[in-house]
Amino acid sequence: MTHRILIVTAVAAEADSVARGLPFGGPGSGELPLPGGFRLRRHADTLPLPGGAPRGPEPRAVVDVLVGGVGPAAAAVATATALAAAALAAASRADTLRASPYDLVVSAGIAGGFQPLAPLGSVVVSDTIVAADLGAQTPDAYLAVEELGFGRSTHPVPARLTERISRALGEGVQRHTVAPVLTVSTVTGTAERATELANRHPGAAAEAMEGFGVAEAAAAYGVPVVEIRAVSNAVGPRDRGAWRIGQAMDSLRYTFQLLSNTLFVEPAP
């Protein structure tokens, strides 16, 4: 059965980097319109099969790349739109073999890294996706939304999934760490805020703005989700002169090049 992966980025430049890492361009590839003005970039697998085995009529993998917009709300809307469209398409084909519209959803892009856990140019693979500021501030402390009784602020990632991703990156000698990735609505710009977040979420390695929104939509459809971020800057004071966006974009491209030859085309154990 074809593996179907949805990758959601915030902006087109991130989607371009992801796409450059995908060696897929077979029949069925191209742009697909979605409701709401979104467009999917579809990449169908054209890689040769191991040992020169003959191909079947279906590709081994179809990877859809979607630019969802900045922030958790925009990302949730875009992801849910793509998932709903895929579910309706599967229903119209009477595809009873497929329990969910995709096999995996990935929130991807560049991010700030907490130092020294995530050096510039390295990659962070989420073991948990955390809504870092979804809660309430009190005179005594910050209370996560769970403590208020209103919902959830975390999405754990299956350990088997992070292990497979980490193995692929390690074999490709891509520097990376597996750790929590924080979703914030306001990017950190001070040392005090960086320290506050690091203390509140021990072990967190990166912060970005979309992962939790993507994860909420994926969870609604029962699809596994992971966040993969290439580090372009340190979390803390905004020093544009120290940013390494080009280096991070290249790490993002290389990461998806590695995954396209492993995770995306190999059956899950």
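Predicted model, so just to flag it, every value in this text is computed and none were measured.
Closest non-hydrogen pair, Tyr102 versus Leu6, comes out as CD2-N, 3.7 Å. Heavy atoms only, all atoms of each residue included: Gly211 and Glu227 are closest at CA-OE1, 3.4 Å. Leu259 approaches Ala168 most closely through the heavy-atom pair CD2-CB, 4.0 Å. In this structure, Ala248 and Val231 approach most closely via the heavy-atom pair CB-O, 3.5 Å. Closest heavy-atom contact between Ala108 and Phe256: CB-CZ, 3.7 Å. Contact record, Tyr221 with Ala84: OH-CB, 3.2 Å, taken as the closest heavy-atom pair.
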| Would Leu40 and Leu34 satisfy side chain to side chain contact (heavy atoms under 4.5 Å, CB included), going step by step from the backbone distance to the final call? | CA-CA 7 Å; Leu40 283 178; Leu34 292 177; 3.7 Å; yes

| said: Show, in sequence, the C-alpha distance, side-chain angles and deciding distance for Thr79 and Glu210, and conclude whether the side chain to side chain contact (heavy atoms under 4.5 Å, CB included) test is met. | reply: CA-CA 10 Å; Thr79 306; Glu210 293 78 34; over 6 Å; no

| Audit row: Asp250, Arg20, salt bridge (Lys or Arg N to Asp or Glu O under 4.0 Å) steps and yes/no | CA-CA 9 Å; Asp250 194 54; Arg20 281 194 290 270; over 6 Å; no

| task | List the steps and the verdict of side chain to side chain contact (heavy atoms under 4.5 Å, CB included) for Ile228 and Thr255. | result | CA-CA 9 Å; Ile228 299 176; Thr255 291; 3.9 Å; yes

| task | Might you work through the side chain to side chain contact (heavy atoms under 4.5 Å, CB included) test for Glu207 and His201, ending with a clear yes or no? | result | CA-CA 11 Å; Glu207 73 162 22; His201 305 285; over 6 Å; no

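Between Ile7 and Val63 the shortest side-chain heavy-atom distance falls below 4.5 Å. Contact of the Leu169 side chain with the Tyr254 side chain is not registered, since no non-hydrogen atoms from C-beta on lie closer than 4.5 Å. Side-chain contact between Glu196 and Thr188: absent, with no pair of heavy atoms (C-beta onward) separated by less than 4.5 Å. Counting heavy atoms from C-beta outward, Pro72 and Ser185 have side chains that approach closer than 4.5 Å. With a 4.5 Å cut-off on side-chain heavy atoms, Val62 and Asp45 do not count as touching. By the 4.5 Å heavy-atom criterion applied to side chains, Arg175 and Pro119 are counted as neighbours. Using a 4.5 Å cut-off on side-chain heavy atoms (C-beta onward), Thr177 and Leu117 make no contact.
For the residue pair Gln247 / Ser232, no side-chain donor-acceptor distance below 3.5 Å is found, with atom types taken as modelled. In summary, the side chains of His176 and Ser166 do present a donor paired with an acceptor at a separation below 3.5 Å, with no hydrogens or angles considered. Checked by atom type, the side-chain pair His155/Glu216 shows a donor-acceptor distance below 3.5 Å. Between the side chains of Asp133 and Tyr142, no donor N or O sits under 3.5 Å from an acceptor N or O. The closest side-chain donor-acceptor pair between Glu146 and Ser153 falls under 3.5 angstrom.
Taking the six-membered ring for Trp, His3 and Phe264 have ring centres at least 6.0 Å apart.
The backbone N or O of Val11 sits less than 3.5 Å from a side-chain atom of Thr9, completing a donor-acceptor pair. Judged by distance alone, with hydrogens and angles left aside, the side-chain atoms of Thr128 form no donor-acceptor pair with the main-chain N or O of Val130 at under 3.5 Å. Gln257 places no side-chain N or O within donor-acceptor distance of the main-chain N or O of Arg253, the cut-off being under 3.5 Å. With hydrogens and angles ignored, the 3.5 Å screen pairs a side-chain donor or acceptor of Arg229 with a backbone N or O of Ile110. When atom types are taken as modelled, the side chain of Thr183 and the backbone of Phe212 share a donor-acceptor pair closer than 3.5 angstrom. At least one donor-acceptor pair under 3.5 Å links the side chain of Arg200 to the backbone N or O of Ala132.
Cluster membership for Val106 and Val67, using ILVMFWY side-chain heavy atoms within less than 4.5 angstrom, is not shared. Hydrophobic clustering of Ile, Leu, Val, Met, Phe, Trp and Tyr side chains at less than 4.5 Å, counting indirect connections, unites Phe38 with Ile5. Residues Val105 and Val65 are members of one and the same hydrophobic cluster, defined by side-chain heavy-atom contacts under 4.5 angstrom among Ile, Leu, Val, Met, Phe, Trp and Tyr. Cluster membership for Val178 and Val235, using ILVMFWY side-chain heavy atoms within less than 4.5 angstrom, is not shared. Cluster annotation: Leu22 and Leu66 are assigned to the same hydrophobic cluster (Ile/Leu/Val/Met/Phe/Trp/Tyr, side-chain heavy-atom contacts under 4.5 Å, transitive).
Going from atom CG of Leu120 over to atom CD of Gln115 covers 6.0 Å, rounded to the nearest 0.5 Å. Taking OG1 of Thr262 as the reference point, atom CD1 of Ile165 lies at 9.0 Å (rounded to 0.5 Å). Distance CG/Leu83 to CG/Leu88: 11.0 Å, rounded to 0.5 Å. Distance check: Leu134 CG to Arg152 CZ gives 11.0 Å after rounding to the nearest 0.5 Å. In this structure, the separation between OG1 on Thr195 and CG on Leu197 is 9.0 Å, given to the nearest 0.5 Å. The structure places OG of Ser107 at 8.5 Å from CD of Glu14, a figure rounded to the nearest 0.5 Å.
Between Glu163 and Arg167 there is no salt bridge, since none of the side-chain N atoms of the basic residue sits less than 4.0 Å from a carboxylate O of the acidic one. Between Arg4 and Asp103, no side-chain nitrogen of the basic residue sits less than 4.0 Å from a carboxylate oxygen of the acidic one, so the salt-bridge criterion is not met. A salt bridge is defined here as a Lys NZ or Arg NE, NH1 or NH2 lying under 4.0 Å from an Asp or Glu carboxylate O, and Asp64 with Arg39 fails to meet this definition.
Tested against Val226 for a side-chain contact (heavy atoms from CB on, under 4.5 Å), the candidates Asp127, Val125, Ile129 yield a single pass: Val125.
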